[in-house]
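A short write-up of the structure that comes next.
In what follows, chains carry the letters A, B, and so on, assigned in the order in which the sequence lines appear, proteins first and then strands, with residues in each chain numbered from 1. Note that the coordinates shown come from a computational prediction; the quantities given were computed from them, not determined experimentally.
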2 protein chains.
Amino acid sequence: MPILHPSLRAPITAADRVLLEIQRAIVEGDIVAGSKISEPELAKRFDLSRAPLREALARLERCHLIERIPNAGARVVKLSTQGLLSLYQLRETLEGMACRLAAEHMADDEIAELRALLDQHLSTQRVREGESYYQEAGDLDFHYRVILGSKNEYLINILCDELYHLVRMYRVQLGMNGPRVSRAFDEHKAILNAIANRDGELADLLMRRHIAASRRNIEKQLDQTGN
Amino acid sequence: MPILHPSLRAPITAADRVLLEIQRAIVEGDIVAGSKISEPELAKRFDLSRAPLREALARLERCHLIERIPNAGARVVKLSTQGLLSLYQLRETLEGMACRLAAEHMADDEIAELRALLDQHLSTQRVREGESYYQEAGDLDFHYRVILGSKNEYLINILCDELYHLVRMYRVQLGMNGPRVSRAFDEHKAILNAIANRDGELADLLMRRHIAASRRNIEKQLDQTGN
DNA sequence: AATAACAGTATTGTCGACAATTAGACTAAA
DNA sequence: TTTAGTCTAATTGTCGACAATACTGTTATT
């Protein structure tokens, strides 16, 4: 049972609903990266007026999925090697920090739950190698809980609300499903142990390495598919 | 002559203008921290309709100056010791990172400009001890340039757009004008030297210390004024 | 007296239309 | 041919009104 962060609350308003739909569409590439966004077109497509749509666009800009220029319109963000590098560079620092804080602030039962989660993933993962979806979800769930464990509201907001979907977009559109799965599990386990031992410094280090490895993995994919 | 970041472009639309006004009002305490925000009232007060006002509110939420609850309304953020701690904790990590990257990526002439800026501040500062405004501005300008020097778009966005005004709000409303001025100058100088020497690790460390000192200074003020 | 249901009021969410601005096509001059 | 300018069309920004939801004070019931 996943923990609920405010950002994942049930969609209340029409703007909430359309936000989720457009978010998914952009992340999955259904709305092509780099393409222009037409407010009238989207309004017709999702059958609502421009008011809630613009509200949704404002939030999409907030999580870096679109870029808006006053009086000119919005474009879906374009994926680039530079952007990927900057994003993962930042993640290394931020999630490392989150890990260190988690080692200091997570309650014992939270750590126990996290361990249970990992075990469950490991067992569920009589790894049909193909099904990268669940691996992806499991990976994100682990990171998610560690971040929440930091208990720093601003840090949580940045990682879970602002950067989360962009990270997913890079992963999905670059076809992240390499053979890094089992190794990632080991790394998660090591990080968990560091947190359980209240060794923030080590947890920080391990998380940085973990993300750096993940970044190199994606970069490799990126090279293969053709720069 | 200050460098222009996208976030500081001239206000084009009515939403931009009212955003700046409300932002200032909140930061300066003109709109009291923790108070409720009434859309009709603000719309009347600034003489525009609710559409651009809501656009402005969306951006205010983005920089953590207000908190919105669906169907219930928005409140100005409440200042708290916990919030201050979380904010400065994050700044330590992020600006440390920015410093390290700046040491790697800043062009030589950018560094020269930064040095000129510091010298100018030092001379302009035949320190009328009272005028904390210019000291404040100078301090922010220095940090600002270092952050831009990191060349990491996401990092820049977070520090300059999302956290900047909240930091100012804490400083202003807690009356930051202590006797830390001259020491801050020395610290800036040391940081600059580390950057000029391309010593990212040292620059990181010094910036972290600098911000930690700044945080302790504010906390002291906070204790005196009454928890 | 305390609590629960209810009505009335005020606020937020959404809509359709209009105004302001920009992008693109076309024309005219160098 | 290129460039500058203009005009048209489309898009974004803004407005006022309506619908849906949440708050408040009252009433009724236990």
Side-chain angles (χ1 to χ4, degrees), chain A residues 4 6-23 25-26 31-78 161, chain B residues 4 6-23 25-26 31-78 161:
Chain A
L4 274 190
S7 69
L8 296 180
R9 62 172 179 268
I12 305 292
T13 120
D16 288 329
R17 272 192 304 275
V18 72
L19 169 65
L20 291 182
E21 296 197 62
I22 300 181
Q23 220 167 35
I26 291 179
I31 298 179
V32 183
S35 63
K36 181 159 183 0
I37 288 198
S38 162
E39 291 185 9
E41 181 202 322
L42 281 188
K44 210 169 48 182
R45 175 166 160 186
F46 292 105
D47 194 44
L48 37 66
S49 89
R50 282 176 52 220
L53 179 65
R54 284 170 65 86
E55 171 79 28
L57 291 185
R59 299 193 212 166
L60 286 173
E61 184 181 24
R62 179 178 181 174
C63 55
H64 307 276
L65 291 184
I66 69 172
E67 288 166 357
R68 293 174 101 185
I69 298 174
N71 282 319
R75 307 193 73 87
V76 179
V77 75
K78 210 188 290 184
D161 295 350
Chain B
L4 273 190
S7 70
L8 296 181
R9 62 173 180 269
I12 305 292
T13 123
D16 287 330
R17 273 191 303 275
V18 73
L19 168 65
L20 292 182
E21 295 196 64
I22 300 180
Q23 222 167 35
I26 291 179
I31 298 179
V32 182
S35 64
K36 179 156 181 7
I37 288 201
S38 162
E39 293 185 7
E41 182 203 321
L42 280 187
K44 209 169 49 182
R45 175 165 160 187
F46 293 105
D47 194 44
L48 38 65
S49 90
R50 283 175 50 220
L53 179 65
R54 285 171 65 87
E55 171 80 27
L57 291 185
R59 299 192 211 166
L60 286 174
E61 184 181 25
R62 180 178 182 172
C63 54
H64 306 276
L65 291 185
I66 69 172
E67 289 166 357
R68 293 173 102 185
I69 298 175
N71 282 319
R75 306 194 74 87
V76 178
V77 74
K78 211 188 289 183
D161 295 350

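Here A/E67 pairs with nothing under the salt bridge (Lys or Arg N to Asp or Glu O under 4.0 Å) rule; sequence neighbours left out.
Going from atom CZ of B/R68 over to atom C1' of C/dG13 covers 10 Å, rounded to whole Å. At whole-Å resolution of the value, CZ in B/R59 and C1' in D/dG13 are 11 Å apart. Taking atom CG on A/D47 and atom P on C/dT14, their separation rounds to 13 Å, with Å as the unit. Protein atom CG of A/L53 is 14 Å distant from nucleotide atom C1' of C/dG13, rounded to whole Å. Rounded to an integer number of Å, the gap from A/E55 CD to D/dG13 P is 14 Å. One atom, CG of B/L57, and another, P of D/dT14, lie 14 Å apart when rounded to the nearest Å. Taking atom CG on A/D16 and atom P on C/dT12, their separation rounds to 16 Å, with Å as the unit. Between the P atom of D/dT14 and the NZ atom of B/K44 lies a distance of 21 Å, rounded to the nearest Å.
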- Task: Apply the test side-chain contact (heavy atoms from CB on, under 4.5 Å) to residues A/V76 and A/V32: give CA-CA distance (whole Å), side-chain angles for both, the deciding distance (0.1 Å), then the verdict.
- Result: CA-CA 7 Å; A/V76 179; A/V32 183; over 6 Å; no
- Run the salt bridge (Lys or Arg N to Asp or Glu O under 4.0 Å) check on A/E21 and A/R17 step by step: do they pass? CA-CA 6 Å; A/E21 296 197 62; A/R17 272 192 304 275; over 6 Å; no
- Item | CA sep, side-chain torsions, deciding dist, call: A/H64, A/V77, side-chain contact (heavy atoms from CB on, under 4.5 Å) | CA-CA 7 Å; A/H64 307 276; A/V77 75; 5.8 Å; no
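The CD1 atom of B/I66 sits 4.5 Å away from atom CG of B/L57, with the distance rounded to the nearest 0.5 Å. Here the straight-line distance linking atom CZ of A/R54 with atom CD of B/E55 works out to 6.0 Å at 0.5 Å rounding.
Between B/R54 and C/dG13 there is a side-chain polar atom (N or O) within less than 4.0 angstrom of OP1 or OP2.
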- Task: Starting at the 5' end of nucleotides 16-24 of chain D, put B wherever the base has a protein heavy atom under 4.0 Å, S where only the sugar-phosphate does, and a dash everywhere else.
- Result: -----SS--
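Under a 3.5 Å cut-off, the side chain of A/R75 and the backbone N or O of A/G34 do form a donor-acceptor pair.
Contacts between residues 32-39 of chain A and DNA chain D, counted as heavy-atom distances below 4.0 Å, involve A/K36, A/I37, A/E39.
In summary, A/R59 and A/D16 engage in a salt bridge, as defined by a charged side-chain N under 4.0 Å from a carboxylate O.
Counting non-hydrogen atoms of other residues, nucleotides and ligands closer than 6.0 Å to NZ of A/K36 gives a total above 12.
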